[in-house]
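Each remark here refers to the structure printed beneath this line.
Both counts, for ligands and for their atoms, begin at 1 and track the order of listing. Nothing fancy with the numbering, it's 1 onward along the sequence. Note that the coordinates shown come from a computational prediction; the quantities given were computed from them, not determined experimentally.
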Amino acid sequence: MSFLNNLIVSAVQLMPKQIVGYFSSRYISGENIEDAIKVTRDLNNQGIYTTIDVLGESVKNREEATVCMNEALNVLETISTFGLKANLSLKPTQMGLAIDEEFGYQQVRTILQSAKGYKIFVRIDMEDSPYTDATFRLFRKLKEEFDNVGVVVQAYLKRTYDDVVVLNKIGTNYRLCKGIYIEPASIAYKDKEQVRKNYVQDLEVILKNGNYVGIATHDEYLVKEAYRLIKELNIPKDKFEFQMLLGVREELRNKINNDGYKVRVYVPFGKQWYAYSIRRLQENPQVAGYIVKNLFSGR
Ligand code: FDA
């Protein structure tokens with residue numbers, strides 16, 4: 001990361017909300033569910049699926065977590081009502097996992113019961129490392145009762161290969177991603193090549209065991225490696241899909257779609273778009289660079 005990019009990333013945090021909003025609009029469908037419906041419909045028309053996420057970062061009490069649960073229930077009802085090719089993604093701490101594990105479990109269980117009725121799949125996102133174990137406990141407990149639930153594993157964590165070996169045994173439906181949070185070097189690979197290597201190893205052991213996986217990446221190298229593994233291992237198309245974030249590497253997304261593979265786009269919406277945008281912009285300083293360029297070129 002260049003000095004300039006670093007500077008731009010810091011500057012992003014100081015930018016007025018309106019400006020961040022203007023440049024972040026490509027990553028977020030909008031503030032309301034209608035926005036997520038519109039984006040999903042557009043993508044569905046191109047043969048692309050979505051997973052809808054209600055934005056929200058830190059939940060401080062049970063009341064706030066219950067509001068989030070009700071929003072998730074509303075998303076499920078909307079997906080069903082409008083016949084969207086979409087599923088739901090949720091953050092466990094948003095549902096109250098960090099407040100009380102049993103409470104968080106009950107909340108997600110309510111969501112899964114509703115989703116089961118609609119035949120909708122629910123993906124439990126993975127957050128930062130203080131919640132990794134609790135999230136796996138939550139997932140395993142839910143998996144005993146529901147088939148329409150899956151979890152996320154992060155290739156930057158050193159533990160992930162071992163987690164995958166264990167989770168394969170219960171027929172886990174995965175999303176495999178690199179990981180987005182800043183984690184200590186004691187538990188996470190910092191070297192880009194090492195993360196890629198781990199990603200490919202994790203993907204291989206998942207596919208070899210016949211588990212379903214959402215291959216979530218915009219990294220062309222990893223997409224190529226996934227193509228290679230799928231071919232070499234002769235993996236049927238109903239055992240994987242590719243996943244990308246809204247507004248990121250659309251040309252790669254279209255290529256994968258045109259190659260005949262299933263693609264799903266993560267479609268966030270909600271009033272809490274600001275924290276999400278800052279995270280996306282910090283994650284990719286080159287994008288922050290584009291932002292500033294656009295800012296001065298008067299796009
Ligand atoms: P990498 O960061 O190397 O990006 C490859 C290329 O893609 C870049 O060079 C750039 O061109 C482009 N690119 C990547 N990010 C971009 C951006 N924000 N804007 C513009 N261009 C960008 N993480 C997590 O910890 N828990 C989770 O639950 C999830 N969930 C999740 C769902 C889905 C569908 C996706 C695609 C990703 C996640 N992630 C996540 C985030 C993930 O861990 C990771 O941080 C990002 O996907 C970036 O990693 P890449 O594999 O894309 O590689």
Side-chain angles (χ1 to χ4, degrees), residues 1 5 8-9 12 20 23-28 43 48-53 55 57 86-94 97 121-132 135-136 138-139 150-157 159-160 163 173-183 187-200 202-203 213-226 240-253 255-256 262-268 276-291 293-294:
M1 188 190 304
N5 275 337
I8 291 166
V9 169
V12 162
V20 175
F23 291 109
S24 304
S25 56
R26 58 182 274 206
Y27 300 119
I28 294 147
L43 288 164
I48 294 173
Y49 295 69
T50 71
T51 184
I52 299 177
D53 165 61
L55 291 174
E57 296 283 313
N87 61 33
L88 173 77
S89 283
L90 56 82
K91 299 221 164 20
T93 63
Q94 223 177 308
L97 190 78
F121 182 83
V122 177
R123 174 78 57 195
I124 302 172
D125 286 351
M126 186 57 81
E127 297 170 90
D128 44 343
S129 56
Y131 307 110
T132 311
T135 302
F136 285 142
L138 171 73
F139 167 71
V151 77
V152 178
V153 285
Q154 299 155 319
Y156 65 10
L157 290 186
R159 59 178 284 170
T160 294
D163 287 331
N173 179 316
Y174 297 94
R175 174 193 296 148
L176 174 62
C177 65
K178 284 185 182 172
I180 203 171
Y181 301 90
I182 297 164
E183 298 289 0
I187 60 162
Y189 297 115
K190 293 289 166 186
D191 176 54
K192 199 179 161 176
E193 289 312 316
Q194 188 67 52
V195 176
R196 277 179 166 169
K197 197 172 153 212
N198 211 33
Y199 193 109
V200 176
D202 297 339
L203 183 59
V213 58
I215 305 163
T217 184
H218 319 94
D219 185 341
E220 223 157 331
Y221 169 84
L222 289 180
V223 171
K224 277 192 190 139
E225 282 296 281
F240 66 91
E241 63 187 41
F242 287 87
Q243 298 186 350
M244 297 203 178
L245 299 172
L246 184 66
V248 179
R249 300 293 314 263
E250 287 172 12
E251 78 302 338
L252 182 60
R253 177 179 93 193
K255 183 193 178 298
I256 298 170
K262 185 169 179 177
V263 178
R264 189 180 300 279
V265 170
Y266 193 95
V267 174
Y276 180 86
S277 307
I278 292 289
R279 230 167 0 116
R280 286 276 103 72
L281 294 169
Q282 287 183 318
E283 175 197 355
N284 197 308
Q286 270 148 7
V287 174
Y290 282 128
I291 289 174
K293 250 195 229 160
N294 286 335

Task: Donor-acceptor pair, side chain of T160 and main chain of Q154, under 3.5 angstrom - done: yes
Task: Selection from E250, E220, R249, R196 by shortest heavy-atom distance to atom 11 (O) of ligand 1 - done: R249
Task: Region of Q154 engaging ligand 1 - heavy atom pairs below 4.0 Å - done: side chain
Task: Side chain, backbone, both or neither: E127 near ligand 1, heavy atoms under 4.0 Å - done: neither
TODO: Over all heavy atoms of both residues, which pair between Y199 and I215 is shortest? Give the atoms and the distance, please.
DONE: OH-CG2, 3.5 Å
Task: Which segment of R175 sits under 4.0 Å of ligand 1 when only heavy atoms are counted - done: side chain
TODO: Would you check the N or O atoms of I180, main chain and side chain alike, for any that come under 3.5 Å of an N or O of ligand 1?
DONE: yes
Task: Taking every non-hydrogen atom, the tightest pair across P92 and L138 - done: CB-CD2, 4.0 Å
Open item on the list: What I want to know is whether R26 and ligand 1 share at least one N or O pair that is separated by under 3.5 angstrom.
Closed with: no
TODO: Using a 4.0 Å heavy-atom threshold (strictly under), name the region of M244 that reaches ligand 1: side chain, backbone, both or neither.
DONE: backbone
TODO: For D125, take its heavy atoms, then give the atoms of ligand 1 lying under 4.0 Å from any of them.
DONE: 28 (O)
Task: Atom indices of ligand 1 within 4.0 angstrom of G179 heavy atoms, with elements - done: 25 (O), 42 (C), 43 (O), 45 (O)
TODO: Please report the shortest heavy-atom distance between T51 and R175, naming the atom on each side.
DONE: CG2-NH2, 4.0 Å
Task: Within 6.0 Å of OH in Y181, more than 12 heavy atoms from elsewhere - done: yes
Open item on the list: When you measure from the heavy atoms of Y27 to every atom of ligand 1, does any distance fall below 4.0 Å?
Closed with: yes
Open item on the list: Show the nearest heavy-atom pair for residues L252 and E220, with the distance to one decimal.
Closed with: CD1-CG, 3.9 Å
- [ ] Grab the two heavy atoms, one from L90 and one from V122, that are nearest each other, plus how far apart they are.
- [x] CD2-CG1, 3.7 Å
Task: Winner among H218, R123, E183, Q243 once heavy atoms are compared against atom 6 (C) of ligand 1 - done: H218
Task: Separation between CG of N87 and CZ of R264, rounded to the nearest 0.5 Å - done: 4.0 Å
Open item on the list: Heavy-atom pairs closer than 4.0 Å: do any link ligand 1 to the side chain of V152, the backbone, both, or neither?
Closed with: side chain
Open item on the list: At less than 4.0 angstrom from any non-hydrogen atom of A216, what atoms of ligand 1 do you find?
Closed with: 33 (C), 35 (C), 36 (C)
TODO: Could you list which atoms of ligand 1 come closer than 4.0 Å to a heavy atom of Y181?
DONE: 25 (O)
Open item on the list: Any nitrogen or oxygen of T217 lying under 3.5 Å from a nitrogen or oxygen in ligand 1? Just yes or no.
Closed with: yes
Open item on the list: Tell me whether K178 has any N or O atom under 3.5 angstrom from an N or O of ligand 1.
Closed with: yes
TODO: Could you list which atoms of ligand 1 come closer than 4.0 Å to a heavy atom of D219?
DONE: 5 (C), 52 (O), 53 (O)
Task: Greater than 12 external heavy atoms within 6.0 Å of K190's NZ - done: yes
Task: Basic-acidic side-chain contact under 4.0 Å: R249, D219 - done: no
Task: V263 versus R253, closest heavy-atom pair with distance - done: CG1-CG, 3.8 Å
